[in-house]
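Letters A, B, ... mirror the listed sequences (proteins, then strands); counts begin at 1.
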2 protein chains.
Amino acid sequence: MPHAKFDTIYRDLREKIEDGDYPFQSFLPSENTLTSVYGCSRNTVRRAIAGLIERGYAQAIRGKGVRVLYRKGQQSAFSIGGIETFKESAARNHLHTTTRVVRFEMIEADDALAARTGFRAGTPLWRIWRLRILDGRALILDKNLFRADLVPGLTRAIAEDSIYQYIEQTLHRTIQTSKRRMTVEHATREDAKYLDLGDYNCLAIIESQTFDENGSQIEWTQSRHHPERFAFEDTATRRPHA
Amino acid sequence: MPHAKFDTIYRDLREKIEDGDYPFQSFLPSENTLTSVYGCSRNTVRRAIAGLIERGYAQAIRGKGVRVLYRKGQQSAFSIGGIETFKESAARNHLHTTTRVVRFEMIEADDALAARTGFRAGTPLWRIWRLRILDGRALILDKNLFRADLVPGLTRAIAEDSIYQYIEQTLHRTIQTSKRRMTVEHATREDAKYLDLGDYNCLAIIESQTFDENGSQIEWTQSRHHPERFAFEDTATRRPHA
DNA sequence: GCCGATTTGTCCGTATGTATC
DNA sequence: CGATACATACGGACAAATCGG
């Protein structure tokens, strides 16, 4: 639950920025002002602002203030930012989607797989392949590996719905950190079999390792995306010669 | 200069993790311990740890400790993380590289360009295209637009060396925030003309808007990457139903 | 160029809450 | 239950950068 005070302030500021109350290139009220507005300490205000900066909404300028960098209408629709499930991002964009499970089995990690995915060899795993279909077009092939001992009781029906929802709401386990790596690769015959690639001969690949609340790697996933409808957004800050 | 105490501690911890002093899945010393080790307040230790978490080195588990998520040998060589210049990342990977300037001119932003890049219409801009050649292969085509009033005195020679270096060391202006967007697109005839694409018909595209220390947009860049040698890494954390 | 007011950046010490063991 | 560990919040101090007079 986001009951933390700094988070409430962050959301409030973000909303005001998105609504244009603080337009592009304007300055937020000073930290001291916000401190009295929200009735909290300066540190708390600073944490809220840090969140804005981290997500590209603003930029702090020492001695001057905090300048808004968010510009209305320059955001993309179907983008990948935090950890968001397919179902969630589809809902956010009002898209009609279906999922087809094309593979569902239990395997054991061998040495090659272990080296590639980060699991220990011998770990029992669910291997699940799912085809994501948006508006009738097969656009994403998800290849998941879940640790079978951490995600017991999986079924095809759950896989067709939402595995994350099952993990969080039924198993009461929490997804916390995800390390991702984005590349572009040649499409294989397999990709062509499942996906409506058109004349593209490449795909966007996202590989990720996901860790639960105990720091155990619970999942490895490779998402093979049709190049259209794929975007990845990011904000970076430059630090003194690293 | 990274004189900040929290940054020194961050670097020290990161180095110890990379060296294997704190191996994968182990716990860091507790915050209280680190407080006395480094002779600083707990807040400062926490800021250092926050840096590790943000960059995927570790994960905090309340009531237990801070677990290391970094695994040796699972990092990629030529990846894009913070704001790093072409020269810097090439040097970091011990690659022999050259840059060829294929376009160098001054233009004025029209409405279409303004909408796409975020500059105001009428802004005078340097338009610079540069071909990045690694080990004899043309792999990246960089299309830069710099605000001419903020980056005066550019020459072809500077563009062949490093524009960022010129901006930072000669103009004493600071690059601070960069908003990026990664997509995959069809290769055009132009791409084929400049890049050694082989049989790929797609490229990885990174578009970015860069802001200087005053929050002025100083640059818009589109980098067109050969799919090989391209990787983008990221760490995300999941927050309660956003 | 200097000075003082304003604003962000860093750091400290303390208190309290919450989760783990 | 108590000890330990991380999470949040407060208030205060000083540094560094900006800006206007």
Protein-nucleotide distance ([X], atom [atom1]; [N], atom [atom2]), rounded to Å:
{"X": "Phe27(A)", "N": "dT6(C)", "atom1": "CZ", "atom2": "C1'", "value": "13 Å"}
{"X": "Gln59(B)", "N": "dA5(D)", "atom1": "CD", "atom2": "P", "value": "18 Å"}
{"X": "Arg62(B)", "N": "dC6(D)", "atom1": "CZ", "atom2": "P", "value": "12 Å"}
{"X": "Asp7(A)", "N": "dA7(D)", "atom1": "CG", "atom2": "C1'", "value": "13 Å"}
{"X": "Arg173(A)", "N": "dA19(C)", "atom1": "CZ", "atom2": "C1'", "value": "16 Å"}
{"X": "Glu31(B)", "N": "dA7(D)", "atom1": "CD", "atom2": "P", "value": "6 Å"}
{"X": "Asn32(A)", "N": "dT8(C)", "atom1": "CG", "atom2": "C1'", "value": "10 Å"}
{"X": "Phe6(B)", "N": "dC12(C)", "atom1": "CZ", "atom2": "C1'", "value": "15 Å"}

Please determine whether a side-chain nitrogen or oxygen atom of [X] lies at a distance below 4.0 Å from atom OP1 or OP2 of [N].
{"X": "Lys64(B)", "N": "dC6(D)", "result": "no"}
{"X": "Thr44(A)", "N": "dT8(D)", "result": "no"}
{"X": "Arg47(A)", "N": "dT8(D)", "result": "yes"}
{"X": "Lys5(A)", "N": "dC10(D)", "result": "yes"}

Does a donor on one side chain and an acceptor on the other come within less than 3.5 Å for Gln176(B) and Thr174(B)?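 No donor-acceptor contact under 3.5 Å links the two side chains.
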Hey, are Arg71(B) and Gln217(A) close enough side-chain-wise for a donor-acceptor pair under 3.5 Å?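 Looking only at side-chain atoms, Arg71(B) and Gln217(A) do form a donor-acceptor pair, the distance falling under 3.5 Å.
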Watson-Crick or G-U wobble mate for dC1(D), both contacts under 3.5 Å: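 Pairing partner: none.
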Between [options], which nucleotide has the shortest distance from any of its atoms to the side chain of [X]?
{"X": "Arg46(A)", "options": "dT10(C), dT18(D), dC10(D)", "result": "dT10(C)"}
{"X": "Asn43(A)", "options": "dC10(D), dA15(C), dT8(C)", "result": "dC10(D)"}
{"X": "Ser41(B)", "options": "dT10(C), dG13(C), dT8(C)", "result": "dG13(C)"}

Mind checking Ile61(B) for me? I need base, sugar-phosphate or nothing, with any heavy atom below 4.0 Å counting as a touch.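 Sugar-phosphate: the residue Ile61(B), judged by heavy atoms under 4.0 Å, touches backbone atoms but no base.
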Does NZ or CZ of Arg180(B) lie under 6.0 Å from the centre of the six-membered ring of Phe232(B), at an angle within 45° of the ring axis?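 No - Arg180(B) does not lie over the ring of Phe232(B) by the 6.0 Å and 45° rule.
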Between Glu213(A) and Val45(B), which has a closest nucleotide on DNA chain C that is more 5'?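 Nearer the 5' end of the strand: Val45(B).
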Over 12 foreign heavy atoms within 6.0 Å of CZ, Arg156(A):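 Yes, enclosed.
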Heavy atoms of other groups near Asp19(B) CG, more than 12 under 6.0 Å: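 It does: Asp19(B) CG has more than 12 such atoms within range.
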